[in-house]
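Below is one structure, written out as structure tokens; comments come after it.
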Amino acid sequence: MKNRELADVFSQMADLMEILDEDPFRVASYRKVGRVLEELTDAIEDIAAAGRLETLGGIGKSTAAKIAQFLATGRVQAHQELLGKVPSGVAAMLEIPGLGPKTAAKLWRQGGITTVEQLKIALASPEKLAGVPGMGAKKARQLLESMAFLDRSAGRALLGEASALAESLVQAIEAAKGAQRVVIAGSLRRGKETIGDIDLLCQAPAKAAGGIIQAFTRAPAVRRVLAAGETKGSVTLEGGMQADLRVVDKKSLGAAWMYFTGSKDHNVALRDWALRKKLKLNEYGLFRGRRAVAGASEDEVYAALGLKFIAPELREDRGEIAAAAEGKLPRLLSPKDIRGDMHMHTTASDGRNSLEEMIEACRARGYAYMVIADHSQSQVQARGLDAKRLRQQVQVIRRLAAACKDIWVMTGIEVDIFKDGSLDFPPDVLAELDFVTASPHSALSQDSAGATRRLIRAIEHPCVHCIGHPSGRLLNARPGMELDIQAVAEAAAANRVALEINADPHRLDLRDLHVRAAVEAGATLVINTDSHSVDSLLLMRYGVMTARRGWAEPKDVLNTCTGAELKKWLAKRR
DNA sequence: GCCGTTTTCGGCCCGACTGTTTTCAGTCG
């Protein structure tokens, strides 16, 4: 797959063109191509071979030719020409928050600065930048701090970390005088797998806004105040994340919440939709001329646009607006649809809570069923179970299960899938268990074709019910295997094997786009926490968000079944 | 460079905040 590489080429061309001050609309269209390529689940080679490049939104004749050229020669001529015009270090400056293309161009052309290192030195003695307009002492200090932040932080926070921080900020703002309602917006509300910054909104009368912004900037987690105006505040938090708060009037809350929930691409598409209806949409409301048509609630704004309500998780400009217009949005599942958790560990392998404690915690959550799935023998570092210990555990589970009237406790295993697709236990051992999850844990840098064959072989194994965390990725840590998700999902559908959405915020695997491909291929999903303690059972909500981002409905997800339905599904499988 | 419920040409989302600009450019979301 050359998707990623090619996406980078177009994104970089957009950056370079912007530094060269080329037509902003052409720049925007290159940027869009970068995003489209990045989000593609099919290999760009296959799409090109099928002559379908120009059927992708945002890709026209000229882009198609550049993609073809890249696939044939490994390069895009126009990209090479741009690289020849702008020193590479100048483009690298765009990574620095607060430094955009205009400033990078000025630093280069008028200040003679061509690398980030040179910039750092020059900023330390700002008189060196006297020839560059707009470069005062304050701006210099701000850029130095931004660069220091980049050096320390790995970039984006995980969904779970960001949620906890956001909730602490919400509490601080709610305590401020005049705050009527505080809500989370941004990528956090959309349930994106990683979060760049936290966006919050507070409904309050205009006269209270200043005090609320002050309260926000004094919240315990705040380390530095970046901006504090009349209606907007920006801060850096402990750990380096940025958080923004806007204070809005009651009659604008819906429009503002939509605007700050994004995504940017959804907003652009929605405004375009509004314009075609002779309406104007901004964060204050939906307007016909000067008259406000809607704004207090999101429902009202979507309705006035002739659209069904679009759930935040769908707002990525991936076809949701057309679907909302045609009444074809999916009926998304919600956390309350989940009736069990089918992947959790105990102290028998690397879990922190006992079998009894895990059962009690699942019962307290009101689950109808659960599966114990400890590691198999080759996971030595996790004290994986061999056949003998597994059989002992099965005995204990069966005895405990017999005593549980209100929850169905199933026996299971998380059996390793080896590099060649074979499993860590022979069929006779696996056949004794109620539910078998097979997961890849090692050799995760395998090539795409090999990884796909590996998973398909496991899917075709007669004893396997589910593939756990299929790609093996760890967010912000390792990329995992690059699967041909189409082929994997088709095999899963054909063999009636479920694909896991691992809800652990470090994994979220399958990821959103893979969920969507799996749903379209007719595969069944199962959302599991992979809990290693009773506390992590509540991570389920992040898996549900990821499922929603993949347009999954309850019928696509195995653990929305009742116990009786699940029994039937298991009976058909064997 | 892309695109079409007004269009194959002429549009392309829009507002807040900061810094250093004395009237606004740049960046961000």
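Each chain gets a letter, A, B and so on, in the order the sequences are listed, and its residues count up from 1.
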Hey, what are the protein-to-nucleotides 5-9 of chain B N/O distances that come in under 3.5 Å?
none

So which protein nitrogen or oxygen atoms get under 3.5 Å of nucleotides 22-29 of chain B's nitrogens or oxygens?
unit_1: B:dG26; atom_1: O3'; unit_2: A:T103; atom_2: OG1; d: 3.1
unit_1: B:dT27; atom_1: OP1; unit_2: A:G100; atom_2: N; d: 2.6
unit_1: B:dT27; atom_1: OP1; unit_2: A:G100; atom_2: O; d: 3.0
unit_1: B:dT27; atom_1: OP1; unit_2: A:T103; atom_2: N; d: 3.0
unit_1: B:dT27; atom_1: OP1; unit_2: A:T103; atom_2: OG1; d: 2.4
unit_1: B:dT27; atom_1: OP2; unit_2: A:K102; atom_2: N; d: 3.2
unit_1: B:dT27; atom_1: O5'; unit_2: A:G100; atom_2: N; d: 3.4
unit_1: B:dC28; atom_1: OP1; unit_2: A:G98; atom_2: N; d: 2.5
unit_1: B:dG29; atom_1: OP1; unit_2: A:D197; atom_2: OD2; d: 3.2
unit_1: B:dG29; atom_1: N2; unit_2: A:Y259; atom_2: OH; d: 2.3
unit_1: B:dG29; atom_1: N3; unit_2: A:Y259; atom_2: OH; d: 3.4

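For A:S29 and B:dC12, the shortest distance from a side-chain N or O to OP1 or OP2 is not below 4.0 Å. An OP1 or OP2 oxygen of B:dG1 is reached within less than 4.0 angstrom by a side-chain nitrogen or oxygen of A:R26. Contact check, A:S62 against B:dG1: a side-chain N or O comes under 4.0 Å of OP1 or OP2. A:Y284 has no side-chain polar atom (N or O) that falls below the 4.0 Å cut-off from OP1 or OP2 of B:dC13.
Put simply, CD on A:E230 is 12 Å from P on B:dA16, counting in whole angstrom units. For the pair A:D249 CG and B:dA16 P, the computed distance is 14 Å after rounding to whole Å.
Not a single side chain to side chain donor-acceptor pair (under 3.5 Å) links A:R288 to another residue, sequence neighbours left out.
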Intermediate values then yes/no, salt bridge (charged side-chain N to carboxylate O under 4.0 Å, His left out), A:E81 and A:K85 = CA-CA 7 Å; A:E81 285 167 10; A:K85 288 185 194 166; 6.0 Å; no
For this session: Show your reasoning for whether salt bridge (charged side-chain N to carboxylate O under 4.0 Å, His left out) applies to A:E18 and A:R31.
Result: CA-CA 11 Å; A:E18 222 174 1; A:R31 239 182 246 306; 2.7 Å; yes
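A:I44 contributes atom CD1, which lies 5.0 Å from atom CG of A:L53 (distance to the nearest 0.5 angstrom).
Between the A:E45 side chain and the A:K2 main chain, a donor and an acceptor come within less than 3.5 Å of each other.
Nearer the 5' end of DNA chain B, as judged by each residue's closest nucleotide, is the contact made by A:F25, out of A:M135 and A:F25.
Across the P atoms, B:dG4 and B:dC13 are found 14 Å apart, a figure rounded to whole Å.
For the residue pair A:D512/A:T546, the side-chain donor-acceptor check at 3.5 Å is not satisfied. Judged by distance alone, the side chains of A:Q171 and A:E167 never bring a donor and an acceptor atom under 3.5 Å apart.
Counting non-hydrogen atoms under 4.0 angstrom, A:A228 reaches the backbone sugars and phosphates but no base.
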